[in-house]
Amino acid sequence: MTERTEFDDTDDGLDDTEQYVVELEQYRRRLDGAMFAGDLAWWEMDVESGAVTFHENKVDMLGFSPAEFDHYEDFTALVHPEDHERAMEAMRRHLQGDAEKYDVEYRIRDADGDYRWFHDVGGVTKRNADGGPLKVTGVVIDITRRKQVEEDLRRKNEQFSLLNRIVRHDIRNDMAVITGWAELLRDELPAESADKLDRIYRASQHTTELTEEVRDVMELLEGDDDFDLHPVSLKHVLTDEIERVRTSFDRVEVRVEEIPDVQVQANAMLSSVFGNILNNAVQHNDAEMVRISIETEHTEGTIRVRIADNGPGIPEQQRVEIFEKDTKGLESGGTGLGLYLVETLVTAYGGDVWITDNEPKGAVFTVELKRA
């Protein structure tokens, strides 16, 4: 006995012809559902006469009535002037045998006068005795949403490029001026001012270096080539970032276990990974004295750096989203990019980063990197 399903319209009391009609209607409903749900439609063109038949969704997507279309020129008249010849040439090339299939994207005007993007794909499905094309059958897909996303990405890439130029040119030039004046003032100001000048000088040097390194981040965010990874001294990078934090903030106490002299798989932007985590530990800390402890742990083929603070901690439900772009901490005045860049860079290095609780309070950021 055949098992019936919720989609089975068969009736054992029907003869073969009636059953065929029922099944045909069932398949038609399924096809209609797929057409409407997928923003697509089938079509067929008679090559000699230009007459077309099509699924109603082809014109429904444009807001027209099927009765207004019976010839291919009824459709081509709506194609954007800049795309018309390209679409016609794609069809000619296929009919002449110069292209395996008819495949083209174009803009087409809808009933409201706006243009939508269609992707049209088809091929010859019937030929005469001499091999000449008689019928062309295909599908058309509304890709307007995809095109809008592509346009948004293009604009964002342009904005990234502009930001890259500003950071690497304008900011670099200003920092060069600051660095130059700091060096000149060394000899003119009293000795007791030397420490303050050193802070200015180190901060400006660090910013200048970052303007060079930010190019790598822009390339990663724009989806260009992968980073050029190479061995980097963990001890050198981490020591420099610890010293920068100590000299940049007054209420910070950093306790460090001995940092192993090992090479990890990274690049020059590794300083930004530890710099952002350390800055985060200070800037989002509500303690009178910020206390940071740094430990390292060897695992097989990797090394883990644990950076613990005595701040308010990070709720467990926020420990994933805090690494997402534009996510800021409570009362944060930052850009919302710091920890996003940390996660992006560490992932590009083939590593991992995660957050756990510190005892009795605070958060622990663990960065796992591959040994080079």
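We count residues from 1, following the sequence as given.
Nearest heavy-atom pair across V346 and D352 is CG1-N, 3.2 Å. The minimum heavy-atom distance linking R145 with D39 is given by the pair NH2-OD2, 2.7 Å. The shortest non-hydrogen separation linking Q265 to L229 is NE2-CD1, 3.6 Å. Taking each heavy atom of H71 and S49 in turn, the nearest pair found is NE2-O, 3.1 Å. Scanning both residues, R306 and V364, for their nearest heavy atoms gives NH2-CG1, 3.7 Å. In terms of heavy atoms, A363 sits closest to N358 at N-CB, 3.8 Å.
W43 and D120 share a donor-acceptor pair across their side chains, judged by distance under 3.5 Å alone. Residues Y72 and D46 have side chains that never bring a donor and an acceptor to within less than 3.5 angstrom of each other. Between the side chains of T347 and E343, at least one donor N or O lies within less than 3.5 Å of an accepting N or O.
Side-chain contact between Y349 and V264: absent, with no pair of heavy atoms (C-beta onward) separated by less than 4.5 Å. Put simply, the side chain of H55 does not reach to within 4.5 Å of the side chain of K58, judged on heavy atoms. Taking 4.5 Å as the limit, some side-chain heavy atom of D60 sits within range of a side-chain heavy atom of N57. Between E243 and R246, the closest side-chain pair of non-hydrogen atoms falls below 4.5 Å.
Of the options D309, N310, V245, a side chain to side chain contact (heavy atoms under 4.5 Å, CB included) to V290 is made by N310 and by none of the others. Just one residue in the list D114, D83, D142 forms a salt bridge (Lys or Arg N to Asp or Glu O under 4.0 Å) with R107, and that residue is D83. The side chain to side chain contact (heavy atoms under 4.5 Å, CB included) with S271 is formed by just one residue from the set V237, L238, V232; it is V237. The one candidate from H298, Q263, E368 that meets the side chain to side chain contact (heavy atoms under 4.5 Å, CB included) condition with I303 is H298.
Note on R146 versus E150: salt bridge recorded, some NZ/NE/NH1/NH2 to OD/OE distance being below 4.0 Å.
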Give the C-alpha distance, both sets of side-chain angles, the deciding distance and a yes or no for side-chain contact (heavy atoms from CB on, under 4.5 Å) between M91 and M45.
CA-CA 11 Å; M91 179 61 76; M45 180 183 73; 4.3 Å; yes
Apply salt bridge (charged side-chain N to carboxylate O under 4.0 Å, His left out) to the pair K361 and D286, showing each step before the final yes or no.
CA-CA 11 Å; K361 63 173 294 191; D286 55 1; 3.7 Å; yes
For E151 and Q148, what are the C-alpha separation, side-chain angles and deciding distance, and is it a side-chain contact (heavy atoms from CB on, under 4.5 Å)?
CA-CA 5 Å; E151 178 62 19; Q148 289 171 343; 5.7 Å; no
Any chance you could lay out the side-chain contact (heavy atoms from CB on, under 4.5 Å) test for W181 and I200, step after step, and finish with the verdict?
CA-CA 10 Å; W181 277 104; I200 295 174; over 6 Å; no
Worked verdict on I294 versus V254 for side-chain contact (heavy atoms from CB on, under 4.5 Å)
CA-CA 8 Å; I294 300 175; V254 184; 4.1 Å; yes
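Residue K101 qualifies as open at atom NZ: its count of foreign heavy atoms under 6.0 Å is 12 or below. Taking a 6.0 Å sphere around CD of E288, one finds it holds 12 or fewer heavy atoms contributed by other residues, nucleotides or ligands. At most 12 heavy atoms of other shown residues, nucleotides or ligands fall within 6.0 angstrom of atom CD in E316. Few gaps surround CD on Q317; more than 12 heavy atoms of other groups in view lie less than 6.0 Å from it.
In this structure, CD in E44 is found 5.0 Å from OG1 in T125, a value given to the nearest 0.5 Å. Between atom CD1 of residue I292 and atom CG of residue N285 there is a gap of 7.5 Å, rounded to the nearest 0.5 Å. Remark: I277 CD1 to L339 CG distance equals 7.0 Å, nearest 0.5 Å. Taken to the nearest 0.5 Å, the CG atom of L278 stands 7.0 Å off from the CD atom of E241. Once rounded to the nearest 0.5 Å, the distance linking NZ of K156 with CG of L153 reads 7.0 Å. E89 CD to D98 CG: the interatomic distance, rounded to the nearest 0.5 Å, is 8.5 Å.
Of the possible donor and acceptor atoms, none in the side chain of R304 sits under 3.5 Å from a partner among the backbone N and O of E295. One N or O on the side chain of D74 and one on the backbone of D70 form a donor-acceptor pair closer than 3.5 Å. The backbone N or O of R116 lies less than 3.5 Å from no partner atom in the side chain of R109, so there is not a single donor-acceptor pair. Using a distance-only test at 3.5 Å, with no hydrogens or angles considered, a donor-acceptor pair links the side chain of R319 to the main chain of I314. Here the side chain of S233 pairs a donor or acceptor atom with the backbone of H236 at under 3.5 angstrom.
Within the structure, the ring-ring contact (aromatic ring centres under 6.0 Å, His included) test picks out the following pairs touching residues 87-132 (sequence neighbours left out): H80-Y115.
Cluster membership for W42 and V59, using ILVMFWY side-chain heavy atoms within less than 4.5 angstrom, is not shared. V367 is connected to V262 through a chain of hydrophobic side-chain contacts under 4.5 Å among Ile, Leu, Val, Met, Phe, Trp and Tyr, so both are in one cluster. Both L40 and I143 are members of a single hydrophobic cluster when ILVMFWY side chains are connected at heavy-atom separations under 4.5 Å. Cluster membership check: M61 shares its hydrophobic cluster with V52, using side-chain heavy-atom separations under 4.5 Å among Ile, Leu, Val, Met, Phe, Trp and Tyr. Both F274 and V256 are part of a single hydrophobic cluster, where members link through side-chain heavy atoms under 4.5 Å apart.
A search for side chain to side chain donor-acceptor pair (under 3.5 Å) contacts involving E48 returns nothing, not counting sequence neighbours. Applying the side-chain contact (heavy atoms from CB on, under 4.5 Å) criterion to A111, with sequence neighbours excluded, gives F64.
Using bins of under 30°, 30° to 60° and over 60° for the plane-to-plane angle, the ring pair F69/F54 lands in the perpendicular bin.
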